[in-house]
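All residue numbers refer to positions in the sequence shown, counting from 1. Every heavy atom of this structure was used, including side-chain atoms; hydrogens, water molecules and symmetry mates were not. Since this is a predicted model, take the numbers as computed values, not measurements.
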Amino acid sequence: MIWKRMPLISSMVVFGRESSKLWKRICMETYVELQILAEKWKLLLAGLIFQYIHGLSARGVHYLHLPGPILQDFGFKILPELGVQRAYLSENLFFIIFSSFILWTFHPFVCHSKRFYTVLLWLRVLTCLVVCQALRIFTFYSTILPGPNYHCREGSPLAKLPPPNSIFEILLLNFPRGVIYGCGDLIFSSHMIFTLVFVRTYQKYGSKRFVKVLAWLLVISQSLLIVASRKHYSVDVVVAWYTVNLVVFFVDTKLPEMPDRSGGSQQILPLSKEKEGKAREENQKLLNGNLENHKLLNGNSGDVTDWVCHQAFPFPL
């Protein structure tokens with residue numbers, strides 16, 4: 001009977017060993033990312049706050065929106081209208097792109113091979129988003145076009161908002177209804193901003209060629225679905241294509257390049273130049289000193305990942 005259970009026991013041993021390696025990898029990556037976050041958190045917070053400012057601006061232009069006849073559009077002539085019942089297709093595709101990108105940015109926590117630091121990657125992404133969204137705010141406030149979406153057309157009760165009863169009605173954005181049923185924030189498409197920034201980021205830092213080709217096909221499909229669902233005019237999508245790509249190119253030339261981790265670099269904390277030398281020396285001394293203490297206390301050779309896991313997660317598991 002024992003020999004029949006040997007494969008199961010072997011599988012459990014392998015599973016336990018691999019789980020231990022995965023946990024150590026997560027601990028090490030969390031420790032490293034927290035050190036980077038401690039230096040860059042202000043910039044990341046500013047980028048997140050601007051997302052709210054962008055939403056607030058889009059909410060504000062809805063109060064100024066005047067429904068009117070749909071403008072002549074070449075995309076509307078060549079693409080069949082999806083209708084209200086199938087307008088969700090573009091939103092579903094956007095959700096797939098959005099969620100897939102977020103999951104990919106956190107893969108260094110679980111995968112052995114990695115090319116970037118998650119905090120630094122999101123810093124670049126938010127920088128691109130902020131620049132594009134700032135340009136978008138100036139653009140759609142300059143000329144407020146009558147919205148082609150179904151809830152923005154003449155006769156719809158959502159096409160024009162009544163004056164707000166209080167400042168909180170504006171500040172809270174009437175979430176989520178106010179975000180979903182917005183009007184007036186047309187040029188250029190916010191969905192295309194996120195989609196293009198995410199795909200351009202994967203194009204540069206991703207490693208799977210097949211995924212890169214698939215991602216660009218999804219971008220093209222997203223562009224067509226946005227116009228076919230009448231959520232934007234064709235000009236909103238076209239302007240987004242060249243504006244976002246130019247912004248990403250400009251940001252890449254201005255921001256310092258992220259350290260490449262694909263070659264197995266031992267650099268742990270990519271700090272600013274004036275802090276890099278001193279921080280590396282202090283971190284190495286701290287690491288060596290605590291590792292020696294860990295060895296003495298536990299009476300074994302110890303492992304640096306064990307100590308990092310203990311520092312990042314001191315509570316018992």
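For the pair Arg153 (side chain) and Pro148 (backbone), a donor-acceptor distance under 3.5 Å is present. Not a single donor-acceptor pair under 3.5 Å links the side chain of Lys160 to the backbone N or O of Pro67. Looking at Tyr141, its side chain never comes within 3.5 Å of a backbone N or O of Arg136 through a donor-acceptor pair. Checked by atom type and distance alone, the side chain of Arg230 pairs as donor or acceptor with a backbone atom of Phe76 at under 3.5 Å. Under the 3.5 Å distance criterion, the side-chain polar atoms of His65 are matched with a main-chain donor or acceptor of Ala159. In this structure, the side chain of Tyr233 engages the main chain of Leu71 through a donor-acceptor pair within 3.5 Å. Although no hydrogens or angles enter the test, the distance criterion places a donor-acceptor pair under 3.5 Å between the side chain of His151 and the main chain of Gly182. Formation of a donor-acceptor pair under 3.5 Å by the Asn149 side chain with backbone atoms of Cys152 is not found in this model. Remark: side-chain polar atoms of Ser234 are paired, donor with acceptor, to backbone N or O of Gly75 under 3.5 angstrom. Judged by distance alone, the side chain of Gln222 and the main-chain N or O of Met192 form no donor-acceptor pair under 3.5 Å.
Looking at heavy atoms from C-beta onward, Leu255 lies in side-chain contact with Thr127 at the 4.5 angstrom threshold. Considering only heavy atoms from C-beta on, Phe249 stays 4.5 Å or farther from Asn245 through its side chain.
If you look at Phe101 and Tyr202, their ring centroids are not closer than 6.0 Å. Under the 6.0 Å cut-off for aromatic ring centres, Trp216 and Phe210 do not qualify, their centroids lying 6.0 Å or more apart. Ring centroids of Phe116 and His107 are separated by less than 6.0 Å, placing the two rings close together.
If you take CG on Leu89 and CD1 on Ile226, they are separated by 12.5 Å, rounding to the nearest 0.5 Å. Arg124 CZ to Thr201 OG1: the interatomic distance, rounded to the nearest 0.5 Å, is 8.5 Å. Rounded to the nearest 0.5 angstrom, Ile36 CD1 and Leu123 CG are separated by 10.5 Å. Atom CG of residue Leu225 and atom CD1 of residue Ile220 lie 12.0 Å apart, to the nearest 0.5 angstrom. In this structure, the separation between CG on Leu135 and OG1 on Thr243 is 7.0 Å, given to the nearest 0.5 Å. With values rounded to the nearest 0.5 angstrom, Met258 atom CE is found 9.0 Å from Arg115 atom CZ.
Of all the heavy atoms in Val237 and Ser223, the pair that sits closest is CG1-CB, 3.6 Å. Here the closest non-hydrogen pair linking Asp73 and Val235 is OD2-N, 4.3 Å. Looking at every heavy atom in both residues, Val247 comes nearest to Cys128 through CG1-O, 3.9 Å. The shortest heavy-atom contact between Val199 and Ala215 is CG1-CB, 3.9 Å.
Legend: residues meeting side-chain contact (heavy atoms from CB on, under 4.5 Å) with Phe95, ordered by chain and number and at least two apart, are Ser99.
Under 4.0 Å is where a charged nitrogen must lie from a carboxylate oxygen, and between Glu33 and Lys40 no such pair does.
Linking ILVMFWY side-chain heavy atoms closer than 4.5 Å, directly or via other members, places Ile96 and Phe106 in two distinct hydrophobic clusters. When the side chains of ILVMFWY residues are joined at heavy-atom separations under 4.5 Å, either directly or via intervening members, Val84 and Leu224 end up in two distinct hydrophobic clusters. Each of Phe138 and Ile193 belongs to its own hydrophobic cluster when Ile, Leu, Val, Met, Phe, Trp and Tyr are linked at side-chain heavy-atom distances under 4.5 angstrom. Grouping the Ile, Leu, Val, Met, Phe, Trp and Tyr side chains by contacts below 4.5 angstrom, directly or via other members, places Leu66 apart from Leu145. Residues Trp41 and Leu129 are members of one and the same hydrophobic cluster, defined by side-chain heavy-atom contacts under 4.5 angstrom among Ile, Leu, Val, Met, Phe, Trp and Tyr.
Atom OH of Tyr52 has more than 12 heavy atoms from other residues, nucleotides or ligands within 6.0 Å. Counting heavy atoms of neighbouring residues, nucleotides and ligands inside a 6.0 Å radius, atom OH of Tyr63 exceeds 12 of them.
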Show your working on side chain to side chain contact (heavy atoms under 4.5 Å, CB included) between Leu93 and Phe98 and close with a plain yes or no. CA-CA 9 Å; Leu93 180 58; Phe98 190 91; over 6 Å; no
Begin with the C-alpha distance, continue with both residues' side-chain angles, and end with the deciding distance and a verdict on salt bridge (Lys or Arg N to Asp or Glu O under 4.0 Å) for Asp185 and Arg59. CA-CA 8 Å; Asp185 56 327; Arg59 177 67 174 174; over 6 Å; no
For Tyr205 and Arg200, run side chain to side chain donor-acceptor pair (under 3.5 Å): C-alpha distance rounded to whole Å, both residues' side-chain angles, the deciding distance at 0.1 Å, then the answer. CA-CA 9 Å; Tyr205 299 106; Arg200 282 292 303 263; over 6 Å; no
Is there a salt bridge (Lys or Arg N to Asp or Glu O under 4.0 Å) between Glu257 and Lys204? Walk through the geometry before answering. CA-CA 11 Å; Glu257 189 53 68; Lys204 184 173 183 178; 2.9 Å; yes
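Side chains of Tyr150 and Glu81: a donor on one and an acceptor on the other come within 3.5 Å. Under 3.5 Å, the side chains of Asp236 and Ser189 contain no donor-acceptor pair of N or O atoms.
Ring planes of Phe194 and Phe198: perpendicular class, angle over 60° (limits at 30 and 60°).
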